[in-house]
Each structure stands twice: as structure tokens, then as C-alpha cells.
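Written below as C-alpha cells is the structure these notes are about.
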Amino acid sequence: MKTGFHTIKMFGILAEKTGQHVLTVPLMADTDQLTAWLFERYPQLEGIKFTLAVNKQLIHNNTPLDEGVEVALLPPYSGG
Amino acid sequence: MKTGFHTIKMFGILAEKTGQHVLTVPLMADTDQLTAWLFERYPQLEGIKFTLAVNKQLIHNNTPLDEGVEVALLPPYSGG
Amino acid sequence: MERKPKNIFIQGAIPAEKITESVQKHATQTDIGAHAIFLGQVRADTKDEGVVTAIEYTAYEEMALEKVFDIREAVFAKYPVTCVHIYHSLGQVDAGEICFFVFTSAPHRREAIDACNEIVERIKAEVPVWGRELLGNDKHVWKKNT
Amino acid sequence: MERKPKNIFIQGAIPAEKITESVQKHATQTDIGAHAIFLGQVRADTKDEGVVTAIEYTAYEEMALEKVFDIREAVFAKYPVTCVHIYHSLGQVDAGEICFFVFTSAPHRREAIDACNEIVERIKAEVPVWGRELLGNDKHVWKKNT
């Protein structure tokens, strides 16, 4: 069984809705488990579009989470 | 029979080859007659590409020349 | 080429003087025949809740700089450009001020222009930056790119 | 709109300061979201007879200004642009200096960029201006546009 924590960065409207820029969450097996956990704690995230990045790489499918990886929740970009 | 003169402006390599920026030439019936006259006086124009403008409009076919029109000989543009 | 991503972020508006300075720095590179420049300026758009007075930019900086580095490398591989310079604001930029500056130089115009366009499009689509449009009445909306 | 063509010609090199000044003048127009800028810089090309040290520009000025006026009108009719500014050098411009400056502003980037490109292409193709490339040894060649 895994121990430890993940650090999750939140940006843009996600940081605003949760009131958090950085979350410390219990160690999760994979990104699906992480997002389920987030939606449970922060129902206000429901309906907001975002993508996950693991170690600054965008992921599009469920991805295992090792301890120490950097997970970020990214709403649609609006730079420029 | 026509009397008077035309004023012909020359630019770029044409002005250089003829040593003239402005030529005064006898009145000509049309642009074909004018170019024939020019090639006779300035054989150094032979082989140099140019277009004629009459009153600042490019012409692509033989065009009658009235007294007072402004004729210009324009080598290929190289602005920018 | 150095692997370390260059910083592109500037706190607040990009000073307009930076544009002339950037051009002047390239006067000694006499193989350059063309510069293409794109500037993004904050628009005072009218929203349902008010008029935009400023945009407040935030970014996932480390990822953004890595992404811009990849875009730069791809552009240098694809186009025979001499120089590429990219700047983006963070924090507050008022309406009428410059928030985004892309500058490309090349021997010929086609490469400079195409490279500049591609950088602008890719940065808007691929770099994690967010704009919060302030409406001057404590309200805001999140900017959406089109 | 005034029918009288605006002068686009500047004697000698276009000062790089003009670029920043042009941008600053548009800071009050808060419907603008994008500026596109093209700059032509004189290249020190190597020719058979020597290296280009400068270009000396001449023009059929009256016709050139009429032609640029037509191009401006066509661009305003085709693209929803806010502003268009065009400058071209006459006389001598040294290698590394700016000889051509096109500046377009629009609410959105696509229009500003497309309008700028179209103006650059049309001016090179349709405006009677000639460049004589000086080779620094009393020799010269006539510039050819590609």
C-alpha cells in the first residue's frame, strides 16, 4: 500500500473555484482516482473543463501516479 | 498633323542607361511609335525589361498618346 | 544551443520601448532582410457584467517555459530564421497596453512572417497561461481564446 | 476618408524609434487587440562584384503614392482593420538599417496579420520603387525583387 502525499497545482478558474493554488492530497494510484477524489472534495469543479499535466506533460488517458510527480490541473489556455 | 512635344519620365536602370530622367520627344501617335523612336535614339535600351505608364496607369497594349499626357518608362519594381 | 529555457515573462505590461530596442539590436546582423513582429494589446471589450479595464495573467511558469522552448526549437528547425524573441506579460496589464510580443528575423520576408505567425498560434494554443479580465467593478471574467 | 494620398516616403533610413512611437500612439484605441509589423532591413548581400553596403532608393513618387492609396483602400475594404501605416525609404539606406515599415492594427490577430502580409506583397509587386545596391567600390547592381 502506498504512503505519502501528492502535490497538486491548480490554475486559473480552478484555483479560483477551490480557493487553492496548491493542494496536498493522499497518494493516489492513478489520475482517475485523483480526479474522483477532487470532485468529491470540490464539487464546484464539476462542469469546469480542464486537462491534467503530470510532470509538465499533458496526459489524455488514465496515468499511474508515482510519489514525487508534479500534477497540475489546467483550464483552457488564454494567453496572448 | 500633330505638333508639340511629349514629356517622358525614365526611372531606375533606364535613367542610368540613357543618362536622362526626363526626355522631351516630338509628339507621337501612340506608344508603339514612341517606343520605336526611343529604341532608335537609345539603342542601349534594347534588352532591358520595362513597362509603360500613361498618366500613371500601366498600359499593356498600344495606346494613343494625346498631348499633355505623362508617359513613364518603368523597369521591374524592387521596393521593400 | 543551451538547453535551459529562456524566461519569456515580464511583470506587468511590455514596455513599447522594447520593440525599438529589439530592432536596434539586430542592426549589426546584416544577413537579416526582414523582421516580423506581432503585438497583443489588451482590448477594452464589453462583457455582460462590464467593460474590461485590465487583464491579470497567471501561468504555470515552469511548464510554459519548457513549452516555449520546444516551440522555439521546432521553429528554428522548420524555418531559416536568424532570431526569435518572445515575451509575455504576467500580472496586471491595463487596456491599451502590450501583453504579448513575438519578434522574428530572417534573411527573407516569407520565413520571418511564417515563423512569427506559427509562434503566435502555437503559444496561444499550447502554453499554459491564463487571463482574468477585470471589469473595473470587482467583477471579472476568465478570458477565452478563439 | 480624404482622397489625397498620404506620403509614405522618408528620406534615408527609417528611424527604429518610429516603431515604438507608432505603437504608443495606438494605446488609447482600446478596440485594438493586435498589431502586426513588417520591417525590411538592408542586407549586406554578396554579389559577383562586391558586397552590398547600402541601397539607394528612387521612386516614381506621384504614381507610387496613388498606388499605395489604392492598396490601403482595398485592404480597409477587405479586412476589419483599425489602422494601417506604411513607410518606405528614399535615397540611401545602409546595410542593417530599416527601409520599409508596414504596421497594421485590428481587434483580432488574424485580420492584422493578413492585412500586413497583403500590404507587404502588394507594395513589393505594384509600387514603382527601385533599389540600386551600392557595392562600396563605385560599383552597383540593380536590386531584383523575388
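A note on names: the letters A, B, ... follow the listed sequences, proteins ahead of strands, and every chain is numbered from 1.
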In terms of heavy-atom contacts, C:Ala16 and D:Thr20 come closest through O-OG1, 2.6 Å
For the residue pair C:His26 / D:Gln41, report whether a side-chain donor-acceptor contact shorter than 3.5 Å exists.
no
Contact origin within C:Ile113 toward chain D - heavy atom pairs under 4.5 Å:
side chain
Report the distance from atom CD of C:Glu121 to atom CZ of D:Arg110, rounding to the nearest 0.5 Å.
5.5 Å
To the nearest 0.5 angstrom, please state how far the NE2 atom of D:His35 sits from the CZ atom of C:Phe101.
12.0 Å
Highest number of heavy-atom pairs under 4.5 Å with chain D: which of C:Arg109, C:Glu21, C:His108?
C:Arg109
Nearest 0.5 angstrom please: C:Ser105 OG to D:Leu39 CG, how far?
8.5 Å
Part of C:Gln29 lying under 4.5 Å from any heavy atom of chain D:
backbone
Quick check: are there more than 12 heavy atoms from other residues, nucleotides or ligands sitting under 6.0 Å from CG of C:Asp138?
no
With rounding to the nearest 0.5 angstrom, report the OG1 to CG distance, D:Thr30 to C:Asp94.
11.0 Å
Hey, what do you get for NZ (C:Lys18) to CD1 (D:Ile19), rounding to the nearest 0.5 Å?
14.5 Å
Got a second to check how far C:Asn117's CG is from D:Asn117's CG, nearest 0.5 Å?
6.0 Å
Let's test your reading of the structure: which of D:Ala27, D:Gly33, D:Cys99 forms the most heavy-atom pairs below 4.5 Å with chain C?
D:Gly33
Contact origin within D:Val120 toward chain C - heavy atom pairs under 4.5 Å
side chain
State whether the side chain of C:Arg43 and the backbone N or O of D:Pro107 hold a donor-acceptor pair below 3.5 Å, judged by distance alone.
yes
Using non-hydrogen atoms and a 4.5 Å limit, figure out which bit of D:Glu17 sits close to chain C: side chain, backbone, both or neither.
both
Taking every heavy-atom pair that is under 4.5 Å apart, which of D:Ala36, D:Cys116, D:Ala34 has the most such pairs with chain C?
D:Ala34
Count the heavy-atom pairs under 4.5 Å between each of C:Ile98, C:Val23, C:Ile32, C:Val102 and chain D, then report the option with the highest count.
C:Ile32
